[in-house]
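Just so you know, these numbers come straight off a predicted model, no measurement behind them. Every chain is numbered from 1, with letters handed out A, B, ... down the list of sequences.
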Amino acid sequence: SGQSGSASGDTIHVSIITKDPSDPFWVAMIDGAKKEAESQNVEITVAAGKDQSDSDGQIQAIENATARGDDAILIANNGPAVNDAIKKAQDAGVLVLALDTPFSPANLATATYATDNFAAGQAIGKWAAGALDGQKAVIAMIDLFADKVVSVDYQRDQGFLDGMGIALGDPEKIGDEAETGTYSGGEYEIACHEHSDGAQDGGRTAMEKCLSLNPNINLVYTSNTAPGLGAYQALKAANVDALLTSINGACEDINTIIDGKFGAASQQFPGKMGAEGVKAAVEYVRTGTKPKTDNADGFIDTGVELVTDQPIDGLKSVTGADAMNACTS
Amino acid sequence: MTAEPILRARGLVKTYGAVVALDGVDLDLNAGEILAVIGDNGAGKSTLIKCLTGAEVPDVGTIEVAGREVSFRRPQDAHAAGIETVYQTLSLAPDLDIASNMFLGREIRRRSPLGGVLRMLDYKRMRQLAAENVSKLGVRTLQDITQVVETLSGGQRQAVAIARAIAFGSRIVVLDEPTAALGVRETAQVLDVVTGLRDAGLGVILISHNMPNVFQVADRIHIQRLGRRIATISPESHSPAEAVAIMTGAAPAPGPAVDAQLKEARP
Amino acid sequence: MTAEPILRARGLVKTYGAVVALDGVDLDLNAGEILAVIGDNGAGKSTLIKCLTGAEVPDVGTIEVAGREVSFRRPQDAHAAGIETVYQTLSLAPDLDIASNMFLGREIRRRSPLGGVLRMLDYKRMRQLAAENVSKLGVRTLQDITQVVETLSGGQRQAVAIARAIAFGSRIVVLDEPTAALGVRETAQVLDVVTGLRDAGLGVILISHNMPNVFQVADRIHIQRLGRRIATISPESHSPAEAVAIMTGAAPAPGPAVDAQLKEARP
Amino acid sequence: MATTNTIELSAAEAFKTRPLTPLQRVHRVLHLHPEISPLIVLLIAMFAFQLANDRFLSPGNISLILQQVAVVGSLAVAQTLVILTGGIDLSVGALMILVSMVMGSLVGLAGLPGPIAFAIGILVGVLAGVLNGVLVSVLRLPPFITTLGTLSIFVALALLMSNGVAIQGEKLGGFLLWTAAAFSVGPFNFTIGVILMLLMYLGMGFVLHQTGWGRHVYAVGSDPVAARLSGINTRRVLMSVYAVAGFLVTLSAWILIGRNNAATTSAAVDVNLDSITAVVIGGTSLFGGRGTLLGTFLGAITVAVFRNGLSLARVDVLYQTLAIGILILVAVALDQWIRRAGVKG
Amino acid sequence: MATTNTIELSAAEAFKTRPLTPLQRVHRVLHLHPEISPLIVLLIAMFAFQLANDRFLSPGNISLILQQVAVVGSLAVAQTLVILTGGIDLSVGALMILVSMVMGSLVGLAGLPGPIAFAIGILVGVLAGVLNGVLVSVLRLPPFITTLGTLSIFVALALLMSNGVAIQGEKLGGFLLWTAAAFSVGPFNFTIGVILMLLMYLGMGFVLHQTGWGRHVYAVGSDPVAARLSGINTRRVLMSVYAVAGFLVTLSAWILIGRNNAATTSAAVDVNLDSITAVVIGGTSLFGGRGTLLGTFLGAITVAVFRNGLSLARVDVLYQTLAIGILILVAVALDQWIRRAGVKG
Ligand SMILES: Nc1ncnc2c1ncn2[C@@H]1O[C@H](COP(=O)(O)OP(=O)(O)OP(=O)(O)O)[C@@H](O)[C@H]1O
Ligand SMILES: Nc1ncnc2c1ncn2[C@@H]1O[C@H](COP(=O)(O)OP(=O)(O)OP(=O)(O)O)[C@@H](O)[C@H]1O
Ligand SMILES: [Mg+2]
Ligand SMILES: [Mg+2]
């Protein structure tokens with residue numbers, strides 16, 4: 001982008017508002033944005049909800065960004081409660097871009113840099129269906145939360161089952177599928193739905209409970225890397241050999257594939273979301289051009305990649321080593 | 001005088017786990033009389049009056065007020081029956097001021113619609129009445145009626161509790177060691193007030209370890225020993241030394257004779 | 001007897017916000033003497049002894065123990081100097097048993113390596129000693145030394161506190177209305193023990209509202225009035241009635257004459 | 001003797017009239033008026049933030065802070081009430097969300113008129129409060145653990161009822177959203193929600209300080225045994241406090257709906273801790289019996305000012321977390337110092 | 001007179017020997033041994049869960065429950081200590097994470113040997129404890145708000161230090177991961193972490209009940225003023241309690257690293273509330289002065305059994321939240337009923 005002249009003279013102020021302050025996924029996103037910002041004379045201010053269901057914290061962050069006169073807000077929203085505050089910010093002339101999670105309605109943001117969480121789930125679901133190769137699937141589902149309902153949680157869970165070829169009930173509701181039935185490759189049984197709170201020890205405890213319920217589990221879905229690693233510990237301790245799948249964010253998460261801990265993972269690129277968002281904000285402030293998008297909703301897919309070292313025929317994937325190269329370069 | 005006793009208890013039992021605090025105690029209190037209760041430490045005096053005033057519910061036993069059987073579940077039941085009590089562990093809220101404590105649970109509202117509709121309190125009046133009541137007891141160091149109880153000296157607190165009981169007791173006033181923390185002058189004043197209550201026709205129960213005080217004001221003396229009423233004597237029939245002897249077990253209890261004798265003397 | 005007083009305070013001032021609790025109080029206590037402190041409620045008696053025993057730090061004033069100036073910041077400083085106190089609001093931990101309370105802050109460890117290395121307590125010995133100390137006071141209803149303090153009667157608690165002070169006081173024992181909650185026999189026993197302490201050469205400060213008791217045991221009487229020491233008299237020089245008159249302001253204070261006179265009488 | 005007396009007379013007088021250091025003078029003034037101590041913290045913070053960003057004290061931003069504080073500030077009214085009795089209510093935030101979902105669903109899904117849904121919401125709030133009250137006063141469970149238990153229950157009910165689906169403003173009708181209505185006073189911009197919060201403070205302040213019930217609340221918190229022996233029905237007082245808290249939480253839910261322009265389960269459950277923080281910074285004792293609503297109000301504003309001011313000073317979220325931790329400690333420590341009777345009057 | 005006396009003698013005797021209902025008999029026995037009351041709750045729960053799923057009591061599952069409880073159970077030791085003094089420590093969970101990140105970074109990033117990193121971790125834990133201790137005992141801040149403030153600080157420091165990146169087991173070396181080492185005893189399977197937790201209970205149980213310091217902890221919690229007047233240096237006791245709690249949290253961090261096979265900030269901060277729940281269900285009074293570590297241990301096991309048992313009973317996650325809320329209430333209510341002196345002995 002343009003380094004030259006007066007356009008880059010004024011510091012551009014950009015707020016990044018994430019869902020919670022601690023998840024490595026957001027850290028990767030912020031890192032990507034900050035890296036991009038360095039070269040562009042952009043000052044980034046980071047804000048977040050207290051946890052993935054804290055809309056009020058995000059509303060305040062939006063209001064404060066507006067009040068201090070920021071040029072753009074990049075936000076991974078915690079729910080539609082923020083919409084009003086977003087509209088007010090836009091009325092005050094702030095550019096709003098959605099990262100990771102589209103608003104509902106999606107056209108609220110000028111552009112959305114995100115991946116489809118449902119599709120990310122689908123990819124590992126499809127891989128799992130292929131990898132089982134006709135065996136009966138005994139599935140452990142390790143989701144995020146028991147005490148809140150958030151979109152990432154059900155989209156990934158339902159996407160996975162859909163990818164397996166299992167008939168969904170309500171696609172916004174976890175656990176309303178038939179406990180047994182057939183998937184695209186044969187019979188399945190869902191052994192458990194547990195929650196991990198997105199934490200590593202939560203993932204381990206959840207996996208342990210699932211194994212107590214059914215020691216024959218041979219396929220595990222986890223919502224993200226940390227609980228996936230916890231589940232891996234539990235499987236290892238119990239000497240159970242099961243396919244472990246997850247959805248990764250940061251580059252170092254790809255090690256889970258290289259080490260062979262996870263059979264497959266959908267890799268998302270939060271850093272890219274952050275970087276693209278900053279780029280678009282700079283472009284808009286300096287030149288007035290809005291980001292070009294392919295569709296009416298302004299959705300710009302930053303891509304999901306299925307990463308696995310056990311590729312399945314007919315399913316596009318990359319190896320762990322290649323993914324790591326691409327990610328860190 | 002065949003009048004019913006204003007307070008009559010029969011067979012009160014109160015146990016705390018393995019401890020028997022009251023072991024079948026009877027008690028009669030007539031209107032216009034001061035009944036002293038004496039006994040060693042741990043003899044069950046406080047437990048007895050707690051059972052009589054709703055602070056504790058006895059395990060077994062009946063209580064009658066003016067001939068009607070009552071069953072007090074909590075102190076305000078006793079208040080409603082016109083019984084006011086100064087407990088040994090004072091029942092004052094340390095964070096509230098003297099006036100608020102005096103009127104706790106029976107605050108005075110303003111007379112205007114502010115009081116009727118908005119239920120606003122009449123602080124001015126409560127403070128004034130509280131000051132009057134406390135000053136009756138002559139505790140001169142107690143000047144500021146808006147002082148918080150926590151900052152009062154032991155005797156000052158005692159005085160506030162006594163003033164409250166006296167102000168609201170309409171039938172019976174029960175005092176558990178009321179003068180223990182009081183100075184000489186204040187003690188005299190309290191005893192004065194207590195005799196005043198008797199003369200006004202109330203029944204008074206007074207627990208005290210101070211024999212001169214007891215013998216100065218009491219009409220009858222209930223002696224409590226190891227959870228039981230061992231005797232009821234009168235200051236005329238026994239000397240302080242004899243009372244102490246009975247109380248400590250050094251002398252045999254006279255038995256119900258005194259009660260009987262009192263009853264005979266009366267009709 | 002030109003011996004230093006074992007405890008000497010000069011010009012103690014203690015204020016709580018606007019309240020002046022102590023207004024420049026002097027006090028002398030000799031070894032082998034019982035100094036009674038009397039005064040109306042709120043006269044500053046408890047505040048005075050709190051300042052003398054480290055429970056409160058005086059705003060102004062000096063304290064000397066056996067001629068050496070001390071500055072007590074907390075009660076254990078006073079303990080270390082051999083001063084033990086029974087406060088008016090008892091200082092017992094309600095959730096601990098009698099024995100634990102007796103030895104609170106100076107527990108006895110086992111003699112074996114278990115005590116030296118692992119610092120294990122010798123509960124058996126502490127219970128036994130506690131039982132001995134309490135029994136000296138003759139509170140017969142107090143039988144189980146493992147009873148939790150919360151379940152004791154007012155007088156029983158008082159007895160535990162007194163037993164503790166007597167057991168550990170090596171130089172000075174201070175008692176703030178120790179017998180207020182005690183029965184007749186227990187009171188007599190405490191006064192006996194107090195005289196025993198004097199005879200053993202300790203200095204004793206005794207606060208009490210009970211004039212007969214005071215005049216029975218005190219060697220000198222410090223009269224406190226409205227935050228000041230108004231006089232120090234002796235039981236020989238004044239009658240109880242005179243003392244009360246001075247205390248309440250009905251009679252003029254005799255001035256430092258008594259002090260002077262005592263001093264003269266001594267050398 | 002006269003001389004001695006004069007000297008003795010002057011002992012305390014002399015002490016009282018001794019020269020003071022400026023710090024002692026400040027301390028003395030503050031100590032005599034402890035209610036202004038949270039104000040001091042607040043003013044210092046505001047001054048510092050204005051230095052960091054000169055938009056901080058602009059009318060627009062001040063209006064914004066008031067709107068941001070409305071939810072937590074109104075919850076803190078209920079929290080103060082409970083804490084004054086020596087309890088604590090960890091369930092206020094969860095109950096607020098449950099009630100907002102009940103009201104929202106009744107209007108948005110069942111199509112009931114707003115006022116009727118609101119009335120049913122109040123019923124739910126009061127019943128939930130009564131549940132807490134029964135557990136605390138009749139079964140004598142510790143308030144902390146009681147409300148920890150009901151917290152889980154209320155969260156689960158709200159989620160089971162809604163399955164986490166939000167009901168957007170368009171479906172909620174004018175009544176439930178009325179708290180979002182804004183109006184201007186000079187350069188300032190208020191919402192009905194802010195006014196409602198202020199009215200809650202005024203109303204409960206009146207009740208606490210001018211009625212017998214208010215006195216009883218303080219008495220029960222000060223010493224429950226003494227209050228009972230004084231003839232107060234402590235059980236009924238506790239029960240009513242939790243019920244009133246439930247009612248007040250309903251009003252907070254109303255404010256929340258307006259602020260979110262939606263009824264949603266995705267609103268911070270952490271507002272619990274925020275409301276407790278406001279109460280404590282406002283100088284109310286967690287042991288009960290001592291404190292004022294004015295203090296709570298200042299406490300809530302202080303926390304909001306910190307968050308807003310740090311944001312305007314472009315402090316990143318993690319450093320904000322750090323700074324707010326430190327500032328909580330500093331604010332409470334300052335308050336404690338001011339209250340200490342260290343400088344003798 | 002003799003007759004009267006005999007009748008009076010028999011009044012209490014008669015009362016004591018009156019026929020009891022079976023419920024009263026049960027109550028009496030339990031009441032005489034209050035320490036077994038959490039055990040009762042636990043046994044009932046275990047019985048019910050075994051009915052729901054007969055794998056519940058299998059040796060494998062019991063071993064798992066012990067491993068699952070190790071982190072919260074060990075934190076509850078520190079929490080018990082603090083609660084016995086009448087305080088509460090909301091920062092234990094955050095401190096555990098901070099310490100585990102410190103130890104993990106020193107080994108995994110700086111390449112220090114495990115024992116040295118562990119020693120530095122202990123230092124950090126103890127210093128953090130001392131910080132809490134100074135705030136509570138010297139500045140006299142209420143423990144609740146103090147640890148709420150330090151909670152924010154510790155969380156922020158852990159996140160700022162790690163930048164959200166976890167350090168996986170491969171880089172941590174044998175020493176830090178030793179707590180994960182497993183061994184079998186018959187059909188049961190324990191880890192060093194479980195043994196460490198049990199040792200923490202035994203060790204602190206000994207200290208609390210057999211040493212003077214332990215008595216002082218109880219005394220300070222029972223009545224701080226009385227403890228001070230008795231000559232206990234309450235300030236020093238409080239300070240040491242928080243410092244020891246900091247040390248114990250360090251051991252929890254070690255167990256946590258073993259269990260996660262990683263040092264990561266992604267560990268449930270909810271363990272705070274879980275540890276408090278364990279302490280309270282175990283019958284320790286939140287007002288201080290009363291409670292035992294045995295009770296806490298049973299309380300921690302009970303919570304873990306609930307969570308595990310509900311899963312094995314195939315209860316839906318949202319209903320699990322509901323059920324745990326209800327079960328907390330039932331457990332504490334039962335405990336309260338047992339303790340009540342309702343049935344006279
Ligand atoms: N709550 C309780 N739990 C257990 N035991 C108790 C309880 N209250 C009182 N007791 C016991 O009951 C007995 C009677 O106590 P009570 O307080 O009635 O004595 P008292 O005659 O008032 O003594 P004092 O003159 O010392 O006040 C005592 O042995 C006491 O230890
Ligand atoms: N912490 C405090 N805060 C404010 N005022 C106090 C405090 N403690 C004592 N006072 C006041 O100091 C004065 C002296 O109190 P003190 O307790 O010394 O009296 P006392 O002589 O022991 O009385 P009593 O015989 O009733 O025990 C009283 O007026 C009391 O109200
Ligand atoms: Mg008594
Ligand atoms: Mg006194």
Side-chain angles (χ1 to χ4, degrees), chain A residues 13 15-22 26-27 30 34 43-70 77-88 92 104-105 145-151 153-154 170 172-174 176, chain D residues 52-53 55-56 58 60-65 67-69 71-72 93-94 97 151-152 155-156 158-160 162-169 177 180 256-271 273-274 304 307-321:
Chain A
H13 296 286
S15 273
I16 294 192
I17 303 172
T18 61
K19 293 191 186 186
D20 70 48
S22 57
W26 311 122
V27 175
I30 293 162
K34 283 194 168 158
E43 187 177 349
I44 303 250
T45 307
V46 181
K50 282 185 197 137
D51 64 31
Q52 297 217 6
S53 66
D54 179 16
S55 292
D56 201 53
Q58 290 200 325
I59 293 174
Q60 291 186 17
I62 296 162
E63 289 171 342
N64 292 341
T66 313
R68 71 176 171 246
D70 279 0
N77 77 83
N78 273 348
V82 301
N83 290 6
D84 238 30
I86 290 290
K87 280 177 205 147
K88 282 187 199 144
S104 64
F145 300 118
D147 58 356
K148 38 190 167 265
V149 176
V150 299
S151 59
D153 201 4
Y154 60 74
D170 179 349
E172 296 196 349
K173 194 160 193 285
I174 287 175
D176 61 348
Chain D
N53 185 331
R55 292 191 198 195
F56 179 75
S58 67
N61 195 48
I62 288 178
S63 310
L64 187 60
I65 292 176
Q67 290 176 31
Q68 290 176 340
V69 86
V71 173
V72 169
I97 288 169
L151 158 69
S152 296
V155 166
L159 288 173
L160 287 170
S162 67
N163 194 31
V165 177
I167 297 148
Q168 290 302 314
L177 295 177
L256 180 75
I257 291 180
R259 187 153 161 77
N260 281 346
N261 192 37
T264 166
T265 55
S266 103
V269 179
D270 271 9
V271 286
L273 290 183
D274 284 354
R307 289 198 197 281
N308 177 286
L310 288 169
S311 244
L312 259 61
R314 298 190 180 282
V315 175
D316 269 9
V317 60
L318 285 182
Y319 290 98
Q320 271 191 38
T321 308

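Ranked by heavy-atom pairs under 4.5 Å with chain D, the first of A:Ala65, A:Pro80, A:Gly79 is A:Pro80. Ranking A:Asp70, A:Val82, A:Asn83 against chain D, the residue ahead of the rest is A:Asp70, based on heavy-atom pairs under 4.5 Å.
Heavy atoms of A:Glu43 lying under 4.5 Å from chain D belong exclusively to its side chain. The parts of D:Asn308 that come within reach of chain A are both its backbone and its side chain, each placing non-hydrogen atoms under 4.5 angstrom from that chain. With a 4.5 Å cut-off on non-hydrogen atoms, D:Gln168 touches chain A through its side chain but not through its backbone. In this structure, chain A has a heavy atom under 4.5 Å from the side chain of D:Val165, while its backbone stays farther away. Interface remark: D:Ala166 contributes side-chain atoms only to the contact with chain A (heavy atom separation under 4.5 Å). Neither the backbone nor the side chain of A:Ala85 comes within contact range of chain D; no heavy atoms are under 4.5 Å apart. At a 4.5 Å heavy-atom cutoff, the contact between D:Leu318 and chain A is made by side-chain atoms alone. Looking at D:Arg314, the atoms closer than 4.5 Å to chain A (heavy atoms on both sides) sit in the backbone and in the side chain alike.
Between the CD1 atom of A:Ile59 and the CG atom of D:Asn260 there is a distance of 4.0 Å, given to the nearest 0.5 Å. Note: D:Leu256 CG to A:Asp56 CG = 6.5 Å, rounded to the nearest 0.5 Å.
What you find for D:Asp316 and A:Ile44 is that their closest heavy atoms are OD1-O, 3.9 Å. A:Ala81 and D:Thr264 get closest at one heavy-atom pair: CB-CG2, 3.8 Å. Across every non-hydrogen atom of D:Val317 and A:Ala47, the tightest pair is CB-CA, 3.7 Å.
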Stepwise side chain to side chain contact (heavy atoms under 4.5 Å, CB included) test for A:Lys50 and D:Leu273: CA-CA 12 Å; A:Lys50 282 185 197 137; D:Leu273 290 183; over 6 Å; no
